[in-house]
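In what follows, a single structure is set out as structure tokens and then discussed.
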Amino acid sequence: MKIISLTLSTLLLSSFAIAKDLKSAVESPDATKILQKDRLPPPKKYSMPKNCITNDKLAIERGKYMFHNLNGKKAKTPPPPGLPKYIVIKGKKVPKQYGNCVACHNIEGAVGPGNIGPDLHNYKKYFIDSGVRDYHFVYQKIADARVDNPKTHMTINLTTGLFTPKEICEITSYVVSQKEKK
Amino acid sequence: MKKLLSLALIGALFSAPGLAQEKLSMTKADRAMYEEMKENNPADIFVEEGAEYLDELGGEETLAKFLGVKEEELPKYIAGFPRYIDKITMVVAIDQMLQAFMYDRGKKPFKLKSTKMDAFSAYVKSLANGEKINIDVNANEHMKKAYKLGKEMFELRRGKRGLSCYSCHSPDVVGLRLRMQILPDLGDPKVKAAATWPAYRMTKGKMFTLQKRFQQCMKNALLAKIPLGSPQMVALEVYITDMAKGQEIEIPGLKR
């Protein structure tokens, strides 16, 4: 009787050992920490900095450049003065990320625009001058679109820290600016 | 030789700056090439390489034995991955199951990252070609948990642009254009994503597994890259495989 239970327990034990061993041979790193660091903060309401919306040509150029390009590595033309192609993060040189708004929005002069977001042609005339939108609405939309639409598919640009308030102002200034007929 | 030549050709064509960088969708010429490559998928050689690895370990018979199924049931069983395997005590994708199998056979397992593992898992999945995906996300508590985690992972907004997989693959945006690319519906019978990976990506000139494809979307959308084989990644594979349930497996796939 004793012998039987002994063999039984060794049997059980060894099958347990196999299970443990097999598991140990399988790569299964936990991603919890990576996800925590990558977390998106809750929606945030912003007020516009002073003199945010501008007619300054260079500021609008920078906004335009960020609208139409993905990042400093992919961009084919040099950025306007004041906007870097590469930045240093934790001692490492990395491409500066831009808005890539054109991936989802059509607008004056867009090349290969997407259509996930609304067409922004004539935005000044149809949305601003008509009174449907104001500057602050556009600023908030670009900074954190969840405030206006919790289920938005749009990218979050300020709350994520990808851009500075000044850069959001430049992008906003571009969107609401009077553009060349094209 | 012919294969090698055509491979080099594809490489040259797709690394042409206009194509690769602008990521324009397929031109007429690309489409013609796509049709031709469907007949003669460049990834076939990798899949063949995988057959050798299985042979070295005793072939299908030994694998079936390891998995506790009859050899003729092996294809159907493979069409049900990722699944919970008692003797590994976790939900695993095919590549992880193969790591356990290699270990069991006294071999050092290939790394999940390695192209050897890509080849091996592609071949083993191709044993189920023609079978319908039969993943059972309600099979047990482990699978239920993995499915739930996978859904969370799919919908989790994160990263420097605050995007989730759902931002670009939800029913209300699929079919729309992100730049020049159509957002694919991952469950669409024409896309049947989970049934067609590992696939050859023409734009990259290489074969990738489904989890590696997820990582490409993460990288493009600035989400932190989740490691292969992590419970979160396997859960995502469970969730996306369930979207393609009932669709016929066709390995290796061929993608833009």
Side-chain angles (χ1 to χ4, degrees), chain A residues 15-16 18-43 68 70-71 73-76 89 97 99-106 110-117 144-146 150-163, chain B residues 17 21-25 66 85-92 95-104 108-109 111-113 117 153 156-164 166-168 170 172-173 176-181 183 218 220-234:
Chain A
S15 76
F16 177 72
I18 286 175
K20 206 170 161 227
D21 277 344
L22 284 182
K23 187 169 182 170
S24 73
V26 173
E27 272 177 72
S28 177
D30 184 47
T32 307
K33 275 213 184 103
I34 300 177
L35 289 168
Q36 263 164 10
K37 265 176 74 185
D38 206 36
R39 206 171 46 202
L40 176 65
H68 290 271
L70 173 62
N71 61 46
K73 193 174 163 201
K74 296 268 173 171
K76 288 184 199 107
I89 295 180
Q97 296 294 336
N100 198 29
C101 318
V102 72
C104 296
H105 295 282
N106 202 351
V111 178
N115 60 3
I116 298 162
D144 193 333
R146 290 172 298 170
K151 294 204 149 122
T152 187
H153 290 296
M154 179 152 154
T155 46
I156 310 303
N157 295 295
L158 188 53
T159 314
T160 50
L162 192 61
F163 295 99
Chain B
Q21 284 173 18
E22 286 201 17
K23 290 198 178 151
L24 297 180
S25 347
F66 172 74
I85 296 187
D86 264 333
K87 62 179 176 184
I88 310 180
T89 66
M90 61 197 275
V91 175
V92 287
D95 50 0
Q96 291 168 301
M97 175 276 284
L98 291 174
Q99 287 191 317
F101 176 55
M102 292 180 87
Y103 178 80
D104 190 60
K108 189 165 178 260
K111 292 261 174 242
L112 295 182
K113 247 192 187 161
M117 182 51 99
M153 286 295 296
L156 181 68
R157 299 188 75 138
R158 60 189 177 90
K160 283 293 177 195
R161 297 195 196 274
L163 292 170
S164 69
Y166 189 79
S167 305
C168 296
S170 78
D172 54 334
V173 296
L176 293 176
R177 264 189 350 258
L178 180 79
R179 269 265 156 139
M180 296 297 273
Q181 293 163 45
L183 292 175
M218 291 177 192
N220 287 342
L222 298 189
L223 317 191
K225 229 164 78 177
I226 302 298
L228 303 174
S230 58
Q232 292 86 350
M233 203 57 151
V234 177

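Hydrogens, waters and symmetry mates play no part in the numbers below; they use all other heavy atoms, side chains included. Note on naming: letters A, B, ... go to the chains in the order of the sequence lines (proteins, then strands), and numbering restarts at 1 for each one.
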Under 4.5 Å heavy-atom distance to chain A, tell me which part of [X] shows up: side chain, backbone, both or neither.
| X | answer |
| --- | --- |
| B/L163 | side chain |
| B/S170 | side chain |
| B/D95 | neither |
| B/Q232 | side chain |
| B/K108 | neither |
| B/P231 | both |
| B/L223 | both |
| B/I85 | neither |

One should read off an interatomic distance between A/I116 CD1 and B/L183 CG, to the nearest 0.5 angstrom, of 4.0 Å

Leading residue by heavy atom contact count with chain B [cutoff under 4.5 Å; candidates A/N157, A/I34, A/L35]: A/L35

Name the option with the most non-hydrogen atom pairs under 4.5 Å to chain B; the candidates are A/G117, A/G161, A/S28. A/S28

Non-hydrogen side-chain atoms of [X] and [Y] separated by less than 4.5 Å:
| X | Y | answer |
| --- | --- | --- |
| A/E27 | B/K113 | no |
| A/T159 | A/R146 | yes |
| B/M218 | B/M233 | yes |

Out of [options], return the one with the most heavy atom pairs under 4.5 angstrom to chain A.
| options | result |
| --- | --- |
| B/K225, B/M102, B/M97, B/M90 | B/M90 |
| B/V92, B/D172, B/L156 | B/D172 |
| B/L112, B/L98, B/V173 | B/L112 |

So does B/R177 get a backbone contact from the side chain of A/N115, meaning a donor-acceptor N/O pair under 3.5 Å? yes

Between B/S164 (side chain) and B/R157 (backbone), is there a donor-acceptor pair under 3.5 Å? no

Got a sec, which residues hit ring-ring contact (aromatic ring centres under 6.0 Å, His included) with A/H153, two or more places apart in sequence or on another chain? none

Interchain contact, A/T152 with chain B, by part (heavy-atom threshold 4.5 Å): both

Please identify each residue that fulfils salt bridge (Lys or Arg N to Asp or Glu O under 4.0 Å) with B/R158, with sequence neighbours left out. A/D38

Looking at B/F66, is B/K87 sitting on its ring face, NZ or CZ under 6.0 Å from the six-membered ring centre and within 45 degrees of the normal? yes

